[in-house]
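These values consider heavy atoms only, across backbone and side chains, with no hydrogens, waters or symmetry-generated copies. Labels below follow one simple rule: chain letters A, B, ... track the order of the sequence lines, proteins then strands, and each chain is numbered from 1. What you see is a predicted model; the values in this text were computed from it and never measured.
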There are 2 protein chains.
Amino acid sequence: MAIKDRKERDKLDRRKLIIESATKLFLEQGYEKTSIRNIADDIEYSPATIYLYFKEKDEIFYVIHEQGFELLGQQFTLLSQIQNPFDRLFEMGKTYLKFGVENPDYYDLMFIMRAPLAEIACHANWDAGDNAFQYLVRTISECLEQQMIKAGDPHTISMSMWSFVHGLVSLRIRDRFKSLNIDDDLSENLLLQSLDYFMQNIKV
Amino acid sequence: MAIKDRKERDKLDRRKLIIESATKLFLEQGYEKTSIRNIADDIEYSPATIYLYFKEKDEIFYVIHEQGFELLGQQFTLLSQIQNPFDRLFEMGKTYLKFGVENPDYYDLMFIMRAPLAEIACHANWDAGDNAFQYLVRTISECLEQQMIKAGDPHTISMSMWSFVHGLVSLRIRDRFKSLNIDDDLSENLLLQSLDYFMQNIKV
DNA sequence: TGGTTTTACTGAACAGTGTTCACTATATTT
DNA sequence: AAATATAGTGAACACTGTTCAGTAAAACCA
């Protein structure tokens, strides 16, 4: 059975090889511009081979999609040490903004793109995103319990805060602020200013 | 010279024909799925003909892009009659949400898509969007003057409000709320609830 | 009217995309 | 050693945006 084991390991290795190459190319040039043939060229296999390991292009990028959530999740869990839930909430917002601006391609896949999520939504597999959202809901609930923010439905408040930071990041990385004569350095400050404005407003 | 005039009219007619077909197909199936060949088939011309009237695909959709802004602009100007600037601001938010949810493809082109705006941003031609944003800034300035909302920089507040509603719409039309077990009917209410939450928070 | 030029249009091609499938060569099993 | 299972591939399919040489008709000029 040792042979079968080795074969299975080899198979996983080649899957990993594909993912690593795909991730590399994806971070260099984004989803749309990374073709199956690009990946195949990079790992020196035929394009057809990739389809032995993945059903379709989206399946590869679903893996990268998850990597993105792991990355964001890691940065979120770093904030667990912050005792004051309001401070923690604030830092979560800052972290989210930073993540989006610094990893626009990951962000795109995670929160903007249409394609790969169609599958995900149906298969109810958006655990990573769901976890992050639940973490937000919990933090906001803590704030409410300790009466650090104005009373309200924690679900609505969570959705509001998420929508707010998502709006900032997505308008920013899709260059909608540029047209309003806001240059990049300035706009990064404006994002933080806007978050501050939001936080001051929900503060009790 | 009458002939030249007629020819010019004919040329505009055919341009219009292309745009109308493109708009129709676009509203049926969105940007990506509307190909030049689709449009050519529809108007019963060769694909190459379309390139006599438009430099590239994006140029066609830039026209549709402007149509979208006209549509939203029309709905915004309807609100000018509202005297109370806070009420007007609130209605602008509702109108924005409604527009986005009811015209997801227009919204996509206007505020989410990457491609066609690259050109627009460079050519500093985003007048339509700029106007809408200035209208928002003016309304917010009025609110500030009349001390109906908490003091702050009108620019930051405008950016915040825009980002907020954009976040709601774009997460909604890209199905990011679906995965959180929020069905469509409910989520439309949640959008309004969130807007209400935002407005109550900035209220003085 | 006849010949020339301009205009409008097109078929075919180029280079690219995701994806499939018959086929080959190697490795494993019997 | 022969039969079978596995891994990988070249070539093709049906698309995409875009270009360009070639054609047919309309407009212009003599």
| field | Length of the line joining B:Glu44:CD and C:dG11:P, which is rounded to integer Å | value | 13 Å
| field | Nearest listed nucleotide, side chain of B:Leu52, among D:dT18, C:dT10, D:dG8 | value | C:dT10
| field | Whole angstrom value for the distance that separates P of C:dA8 from CZ of B:Arg9 | value | 14 Å
| said: Could you tell me how far apart B:Lys57 (NZ) and D:dT16 (C1') are, to the nearest whole angstrom? | reply: 8 Å
| Between P of D:dT19 and CZ of B:Phe54, the distance in whole Å | 15 Å
| request: Give the nucleotide from the list D:dT9, D:dC20, D:dT16 with an atom nearest to the side chain of A:Ala48. | output: D:dT9
| task | Would you mind classifying the nucleic acid contact of B:Tyr53 as base, sugar-phosphate or nothing, using non-hydrogen atoms under 4.0 angstrom? | result | sugar-phosphate
| field | Nearest-angstrom distance from the residue atom CG of B:Asp41 to P of D:dC15 | value | 11 Å
| Relative to each other, are the rings of A:Tyr31 and A:Phe61 parallel, tilted or perpendicular (30° and 60° limits)? | perpendicular
| query | To the side chain of B:Thr49, which of D:dG8, C:dG18, C:dT10 is closest? | reply | C:dT10
| query | Using a cut-off of 4.0 Å on non-hydrogen atoms, how would the nucleic acid contact of A:Ser35 be classed: base, sugar-phosphate, or nothing? | reply | sugar-phosphate
| message | Between A:Tyr45 and A:Tyr53, is there a side-chain donor-acceptor contact under 3.5 Å, judged purely by atom types and distance? | response | no
| request: Tell me which nucleotide among D:dT9, D:dA7, C:dG18 gets nearest to the side chain of A:Tyr51. | output: C:dG18
| request: Scan A:Leu190, A:Leu97, A:Leu191 and name whichever one has a side chain to side chain contact (heavy atoms under 4.5 Å, CB included) with A:Arg172. | output: A:Leu191
| said: Looking at A:Arg37, I'd like to know whether one of its side-chain N or O atoms comes within less than 4.0 Å of OP1 or OP2 on C:dA15. | reply: no
| Over how many whole Å does the gap from A:Lys55 atom NZ to C:dT19 atom P extend? | 8 Å
| query | Would you say a side-chain N or O of A:Lys11 is under 4.0 Å from OP1 or OP2 of D:dA7? | reply | yes
| note | Test ring-ring contact (aromatic ring centres under 6.0 Å, His included), reference B:Phe69, set B:Tyr135, B:Phe111, B:Tyr106, output is B:Phe111
